[in-house]
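Written out below as structure tokens is the structure these notes cover.
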Amino acid sequence: MSGQSIHIERLQVWRDDDSSRQCVIDELSLDIAPGERVAVAGPNGACKTSLLLAMVGALPFSGTIAVGGQVLEAKSLEAVRREVGYVFADPADQLFLPTVREEVGFGPRQRGVFGEPLAARVDAALDAVGLRGFEERSPLALSLGEQRRLAAATVLSSAPGALLFDEPTASLDPRARRAMLDTLRALDATLLLATHDLDAVLDLDARVVLLDAGRLIAEGPAAELLRDEALLEQAGMALPLGLQR
């Protein structure tokens, strides 16, 4: 497997509300190996999305975030963002161009890639998500599952070493969910997923990082941690459906 390592040490993340700044993640430390699949799980309010946003410099934080050994700070923000692809939970936040081809080619074009090299990147990204043949379609004409996979392709075309997915299987029907899981399983990069879908985490054989109210509750292999009913109940969650009797 290829991909970039991720190192997080004593991370604190803040969000602003109407009157004050609140710490939403407190003293989180985490190491992810190159090519590893890690799922950040937890109930609503666990601050899973806040963690992902901090990793691309979209929320204020203290502590250390490093990707491939490069520490995220103001002077390195663009360099780190080139190595980290963020796929939003809502594809509407990510897709804005008239055709699938233009969407997938946008990132590389901004970095000076044109002509045959650009076409090759677009083809490879669409192959990776199972959307070859969709090049001239409007993103608005795609199903939600297809839009999610297209959003993934828009970051894959820039060849990042780490991919962050926010709720990649949410609200998908069974067929679309399976297609998304097949896509995630085949990606040759470091994956960090924020998700409620514990059955998907089991299917992907990911390492689980369990958060509750911004604090690390437990971490470990999905096959072990997601069978611990008492631990999941403590974190406001239930056993994956596939493990319930």
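Of all heavy-atom pairs spanning R185 and R37, the tightest one is O-NH2, 2.6 Å. Nearest heavy-atom pair, L202 versus A222, reported as atom, atom and distance to 0.1 Å: CD2-O, 3.6 Å. Residues R109 and F114 share a closest heavy-atom pair of O-CZ, 3.7 Å. Summarising the geometry of A153 relative to A125, their closest heavy-atom pair is O-CB, 3.6 Å, with the distance given to 0.1 Å.
Within 6.0 Å of CZ in R111 there are more than 12 heavy atoms belonging to other residues, nucleotides or ligands. More than 12 heavy atoms of other residues, nucleotides or ligands sit less than 6.0 Å from atom CD of Q110. Under a cut-off of 6.0 angstrom, the local environment of CZ in R215 is sparse, with at most 12 non-hydrogen atoms contributed by other residues, nucleotides or ligands.
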Tell me, with the steps shown, if V209 and L216 meet side chain to side chain contact (heavy atoms under 4.5 Å, CB included). CA-CA 7 Å; V209 173; L216 178 64; 3.4 Å; yes
Side chain to side chain contact (heavy atoms under 4.5 Å, CB included) between E167 and K48, worked out: CA-CA 10 Å; E167 297 292 354; K48 303 182 296 293; 3.8 Å; yes
Starting from the C-alpha separation in whole Å, work towards a yes-or-no answer on side chain to side chain contact (heavy atoms under 4.5 Å, CB included) for W14 and Q22. CA-CA 5 Å; W14 288 273; Q22 297 183 342; 5.7 Å; no
Let's go through S50 and R15 carefully: what are the C-alpha distance in whole Å and the side-chain angles of both, what is the deciding distance for side chain to side chain donor-acceptor pair (under 3.5 Å) to 0.1 Å, and is it a yes or a no? CA-CA 8 Å; S50 295; R15 278 185 178 273; 2.9 Å; yes
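Aromatic ring centroids of F88 and F165 lie 6.0 Å or more apart.
Between R177 and D203, none of the side-chain N atoms (NZ, or NE/NH1/NH2) sits under 4.0 Å from a carboxylate O, so this pair counts as no salt bridge.
Side-chain N/O atoms of E73 and S76 include no donor and acceptor closer than 3.5 Å.
Distance alone, capped at 3.5 Å, places no donor-acceptor pair between the E224 side chain and the P221 backbone.
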